[in-house]
Amino acid sequence: MDPMPSALPDGEPVPADGTLPASALDGAADRPLGFYLHVPYCATRCGYCDFNTYTATELRSSGGVLASRDNYADTLADEVRLARKVLGDDPREVRTVFVGGGTPTLLAARDLVRMLEAVRSEFGLAPDAEITTEANPESVDPAYLAELREGGFNRISFGMQSARRHVLKVLDRQHTPGRPEACVAEARAAGFDHVNLDLIYGTPGESDDDWRASLDAAIGAGPDHVSAYALIVEEGTGLARRIRRGEVAPTDDDEHADRYLIADSMLAGAGYGWYEVSNWAATEAGRCLHNELYWRGADWWGAGPGAHSHVGGVRWWNVKHPGAYAAALAGSRSPGAGRELLSAEDRRVERVLLELRLAEGCPLDLLHPTGLAAARRALTDGLLAEAPFAEGRAVLTLRGRLLADAVVRDLVD
């Protein structure tokens with residue numbers, strides 16, 4: 001699941017032509033390059049969703065340009081061509097492409113293939129490139145999946161969330177129980193090498209048995225990757241309003257911890273190894289390489305409304321509204337809304353924040369003296385593993401994963 005939060009940070013203006021500082025491409029040849037392609041359309045808005053997405057009734061024109069699904073692939077391809085101009089003679093082939101949303105599969109399969117083709121045409125794809133799209137289980141069928149596979153996609157991520165109907169109802173998910181599992185089989189039949197199922201735990205009204213049933217169903221479907229995320233109730237969402245009105249119970253951190261332990265035990269028992277706090281893969285090849293670009297601070301260009309990008313210590317983000325996004329590109333302007341140049345200290349802190357969540361952990365030499373002292377306390381408290389620590393790495397134990405956010409806050413001091 002590739003997050004696309006709706007709130008944009010502050011930052012300095014992006015040049016009209018999108019030009020990056022010369023320093024951004026220093027050493028670029030040693031860093032992988034990925035593309036995130038954002039599709040901002042959804043059939044309905046899920047009650048927990050805070051992403052930059054729009055239903056047909058929410059979407060309006062802006063700047064005289066209609067943000068239509070029919071021409072969206074062409075608009076996004078314009079930004080890919082802008083990326084080629086901005087990155088100049090950067091020789092890197094693209095290592096990963098991830099199409100997220102929203103619901104990318106609300107677009108015709110040929111449109112997703114055309115978006116991928118724009119990246120291939122402008123940059124080239126590495127021979128072993130990972131090409132992923134997210135998909136709503138109810139918006140694909142075998143013919144659709146076959147068209148995606150023929151067009152070059154080799155990984156697909158289905159939003160399952162739960163196998164229990166009453167849990168899906170609280171989340172406002174539209175698919176029926178059993179459909180995500182059927183999608184895994186259809187994707188395999190279409191020739192997809194890698195398949196992920198996304199799960200959410202801690203939904204109000206979900207019991208431990210409900211969660212075990214969801215995990216059983218996901219494991220039984222045979223994906224080679226499972227993501228499991230604790231439900232976070234964001235302000236301004238429909239679910240937040242329902243909780244505030246007392247219609248459903250609030251989420252509970254202790255229940256989240258219990259559900260995480262259940263997930264790790266069941267997934268490990270089925271042969272899935274954790275490689276990031278919320279992600280498990282059946283094999284090393286089954287890991288999501290695109291997300292690893294994020295976690296390891298590599299380069300990626302995010303195309304689409306509200307999409308975020310990072311190249312060589314420069315981070316920027318696009319305007320949110322699809323109409324404003326289309327209008328900028330139609331006027332031969334960058335759709336960038338703002339950007340920031342990360343300092344060496346910013347990048348150090350981000351490395352600790354992200355790498356500590358990985359099974360390999362983060363190097364202890366990234367830590368300042370106060371952070372190193374905190375790491376020693378975490379080791380004593382059983383939050384960090386002893387053997388990796390002795391070899392110069394901070395690696396979370398299972399208990400440490402339950403308290404990952406708190407451990408990270410201490411270590412970045």
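When reading the values below, keep in mind they use all heavy atoms of this one structure, side chains included, and skip hydrogens, waters and symmetry mates. Since the structure is predicted, the reported quantities are computational estimates derived from the model, not experimental observations.
Between Tyr41 and Tyr72, the ring-plane angle classifies as perpendicular under the 30° and 60° cut-offs. Taking the six-membered ring for Trp and thresholds of 30 and 60 degrees, Phe35 and Trp301 have nearly parallel ring planes, at less than 30 degrees apart.
Considering every non-hydrogen atom in both Ala263 and Leu215, the closest pair reads CA-CD1, 3.6 Å. Minimum heavy-atom separation, Ala129 to Val94: CB-O, 3.8 Å. Across all non-hydrogen atoms, the minimal contact from Arg315 to Leu342 is NH2-CD2, 3.2 Å. Summarising the geometry of Ala281 relative to Arg287, their closest heavy-atom pair is CB-N, 3.9 Å, with the distance given to 0.1 Å. The minimum heavy-atom distance between Ala24 and Val314, with the atom names listed, is CB-CG2, 3.9 Å. Among all heavy-atom pairs drawn from Pro21 and Leu341, the shortest one is CG-CD2, 4.2 Å.
The closest donor-acceptor contact from the side chain of Asn318 to the backbone of Gly304 lies under 3.5 Å. Using modelled atom types, no side-chain atom of Ser278 and backbone atom of Ser227 make a donor-acceptor pair closer than 3.5 Å. No donor-acceptor pair closer than 3.5 Å links the side chain of Asn196 to the backbone N or O of Arg155. Side-chain atoms of His368 do not come within 3.5 Å of backbone N or O of Thr370 as any donor-acceptor pair. Judged by distance alone, the side chain of Glu134 and the main-chain N or O of Gly101 form a donor-acceptor pair under 3.5 Å. The closest donor-acceptor contact from the side chain of Glu206 to the backbone of Tyr201 lies at 3.5 Å or more, if one exists at all. Not one N or O on the side chain of Asn136 forms a donor-acceptor pair closer than 3.5 Å with the backbone of Thr105. Between the side chain of Trp316 and the backbone N or O of Gly336 there is no donor-acceptor pair closer than 3.5 Å. A donor-acceptor pair under 3.5 Å links the side-chain atoms of Thr75 to the main chain of Asn71, judged by distance alone. One N or O on the side chain of Arg95 and one on the backbone of Asp128 form a donor-acceptor pair closer than 3.5 Å.
Within 6.0 Å of CZ on Arg296 lie more than 12 heavy atoms contributed by other residues, nucleotides or ligands. The 12-atom threshold is exceeded at CD of Glu93, counting heavy atoms of other residues, nucleotides or ligands nearer than 6.0 Å. Remark: Glu284 CD is loosely packed, at most 12 non-hydrogen atoms of other residues, nucleotides or ligands lying under 6.0 Å away.
Of the charged side-chain nitrogens involved, none lies within less than 4.0 Å of a carboxylate oxygen, so that Asp90 and Arg84 do not count as a salt-bridged pair. Under a 4.0 Å N-O distance rule, the pair Lys85/Glu122 does not qualify as a salt bridge. Under the 4.0 Å criterion applied to side-chain N and carboxylate O atoms, Glu117 and Arg120 are assigned as salt-bridge partners.
From Leu367, atom CG reaches atom SG of Cys362 across 5.5 Å, with rounding to the nearest 0.5 Å. To the nearest 0.5 Å, atom CG of residue Leu398 and atom CG of residue Leu261 are 5.5 Å apart. To the nearest 0.5 Å, the span separating CG on Leu76 from CG on Leu116 amounts to 11.0 Å. Put simply, CZ on Arg31 and CG on Leu25 are 7.0 Å apart, with the number rounded to the nearest 0.5 Å. Separating the CG atom in Leu396 from the CG atom in Leu383 is a distance of 8.0 Å, to the nearest 0.5 Å. Put simply, CG on Leu125 and OG1 on Thr96 are 10.0 Å apart, with the number rounded to the nearest 0.5 Å.
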Carefully, step by step, assess Val167 and Trp211 under the rule side chain to side chain contact (heavy atoms under 4.5 Å, CB included).
-> CA-CA 10 Å; Val167 176; Trp211 179 231; over 6 Å; no
Determine, stepwise, if the pair Arg339 / Ser309 fulfils side chain to side chain contact (heavy atoms under 4.5 Å, CB included).
-> CA-CA 9 Å; Arg339 76 179 186 187; Ser309 302; over 6 Å; no
Might you work through the side chain to side chain contact (heavy atoms under 4.5 Å, CB included) test for Tyr260 and Val277, ending with a clear yes or no?
-> CA-CA 10 Å; Tyr260 185 89; Val277 168; 4.0 Å; yes
Is there a side chain to side chain contact (heavy atoms under 4.5 Å, CB included) between Glu292 and Trp295 once you walk through the steps?
-> CA-CA 5 Å; Glu292 288 189 317; Trp295 299 325; 3.9 Å; yes
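In the model, Thr19 has a side-chain atom that pairs as donor or acceptor with a side-chain atom of Asp17 under 3.5 Å. With no hydrogens or angles considered, a side-chain donor-acceptor pair links Asp346 and Ser343 at under 3.5 Å. Under 3.5 Å, the side chains of Asp210 and His166 contain a donor-acceptor pair of N or O atoms.
Contact annotation: the side chain of Leu171 approaches that of Leu231 to within less than 4.5 Å [non-hydrogen atoms, C-beta and beyond]. Residues Thr203 and Leu168 are not in side-chain contact: their nearest non-hydrogen atoms beyond the backbone lie 4.5 Å or more apart. Looking only at side-chain heavy atoms (C-beta outward), Leu293 and Phe98 stay at 4.5 Å or farther from each other. At a threshold of 4.5 Å between non-hydrogen side-chain atoms, the residues Glu276 and Leu358 count as touching. For the pair Arg179/Glu138, a side-chain contact is recorded, criterion being any heavy-atom separation below 4.5 Å from C-beta on. Between Met115 and Leu107, the closest side-chain pair of non-hydrogen atoms falls below 4.5 Å. Taking the side chain as every heavy atom from C-beta outward, Pro363 and Glu355 approach each other to under 4.5 Å. Counting only heavy atoms from C-beta outward, the side chains of Ser157 and His225 never approach each other to under 4.5 Å.
Remark: Phe153 pairs with no residue by the ring-ring contact (aromatic ring centres under 6.0 Å, His included) rule, at least two apart or across chains. Judged as a ring-ring contact (aromatic ring centres under 6.0 Å, His included), and not counting sequence neighbours, the contacts of Trp300 are Tyr294, His310.
With ring centers used as reference points, Tyr36 lies 6.0 Å or more from Trp317.
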